[in-house]
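Computed from a predicted structure; not experimentally measured. One-based numbering, in listed order, for ligands and for the atoms of each. Position 1 is the first residue of the sequence, and the numbers go up from there.
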Amino acid sequence: MALDLSLIMFLQAIWFILPAYAANGLPVLFGGGSPIDFGKTLNGKRIFGDGKTIRGFVGGVISGTLVGLTLFYVGPILHQLIPESQGLIDLSYSPIVGLLISVGALTGDLVGSFIKRRLNLKRGAPAPVLDQITFLVFAFLFALLIIRPIPLEYVIFLIPLTLGLHLFTNFISWLIGIKKVPY
Ligand code: CTP
Ligand code: MG
């Protein structure tokens, strides 16, 4: 099976960012307890708000790091099982990258909430693009600390993919009745 170069890049990009998706998506399961800003305000507005908790942050970092660790071990196994995957999986992946990407994603999530509170948006109010992309940008920025350069193709693939995935999961959530609006 000859794989198209852009398809390989696309799969590599997803591989690369999976820890960030886990770190950003799973805190909803761990949330609760003390908010990171301990209820403090800045000019009368919450710093981050009640949607950003210590448990959510730590749980997100741990999940993302575990996903990164799994990829680190699964990559070489895939290479052995599927020789065609050579070049498909970036073996430069290391557990520390997963940790950095996860901390980056959660930091970006905080930055997003910080901006939302400055704009008077209540916790949970939708902020299109900001809600979906800040975590990604910061995941890249943190990864850049040890991976340089990050292929520009990764960014070009992942921004629309992430926006699309969010629209898709929101639509599904609306279909099954856990969201009031389909977007
Ligand atoms: N969550 C958490 N801690 C974090 C991030 C998320 O506890 N650091 C949990 C919270 O229960 C939060 C849920 O995951 O409500 C969904 O996360 P998100 O959509 O990022 O937060 P919002 O509630 O929408 O808050 P905001 O308006 O600040 O984005
Ligand atoms: Mg939200």
Ile101 and Ala20: which non-hydrogen atoms are nearest, and at how many Å?
CG2-CB, 3.5 Å
Find all atoms of ligand 1 within a distance of less than 4.0 Å from any non-hydrogen atom belonging to Lys122, and give their numbers and elements.
27 (O)
Does atom CG of Leu29 have more than 12 heavy-atom neighbours, drawn from other residues, nucleotides or ligands, at distances under 6.0 Å?
yes
Between Tyr154 and Ile17, does a side chain to side chain contact (heavy atoms under 4.5 Å, CB included) hold up when you go through it step by step?
CA-CA 9 Å; Tyr154 284 15; Ile17 211 64; over 6 Å; no
Enumerate the atoms of ligand 1 whose separation from the nearest heavy atom of Pro27 is less than 4.0 angstrom.
1 (N), 5 (C), 6 (C), 9 (C), 14 (O)
Could you label the plane-to-plane angle of the Phe140 and Phe16 rings as parallel, tilted or perpendicular, counting under 30° as parallel and over 60° as perpendicular?
parallel
Flag atom 7 (O) of ligand 1 as yes if some protein heavy-atom distance to it falls below 4.0 Å, otherwise no.
yes
For Ala23 and Ala105 the tightest heavy-atom approach is CB-CB, 4.2 Å
At what distance is the nearest protein heavy atom to atom 19 (O) of ligand 1, and which residue and atom is it?
Lys52 NZ, 4.9 Å
Nearest protein heavy atom to atom 3 (N) of ligand 1, by residue and atom, and its distance?
Thr53 N, 2.9 Å
Counting only N and O atoms by type, is there a donor-acceptor contact under 3.5 Å from the side chain of Arg55 to the main-chain atoms of Phe30?
yes
Heavy-atom proximity to atom 1 (N) of ligand 1 ranks first, among Gly51, Gly124, Ala23, for Gly51
Is it the side chain (CB and beyond), the backbone, both or neither of Asp109 that lies under 4.0 Å from ligand 1, heavy atoms counted?
side chain
Would you indicate whether Lys45, at its atom NZ, is surrounded by more than 12 heavy atoms from other residues, nucleotides or ligands within a distance under 6.0 Å?
yes
May I ask you to identify the nearest protein heavy atom to atom 14 (O) of ligand 1, giving residue, atom name and distance to one decimal place in Å?
Val28 CA, 3.2 Å
Quick test: of every protein heavy atom, which one is nearest to atom 29 (O) of ligand 1, and how far off is it to 0.1 Å?
Lys116 NZ, 3.1 Å
Under 4.0 Å, counting heavy atoms only: does Arg117 come that close to any atom of ligand 1?
yes
Nearest heavy atoms of Arg46 and Asp37, plus distance in Å:
NH2-OD1, 2.8 Å
Ligand-residue contact atoms, ligand 1 with Arg123, heavy atoms, under 4.0 Å
10 (C), 11 (O), 12 (C), 15 (O), 23 (O), 25 (O), 27 (O)
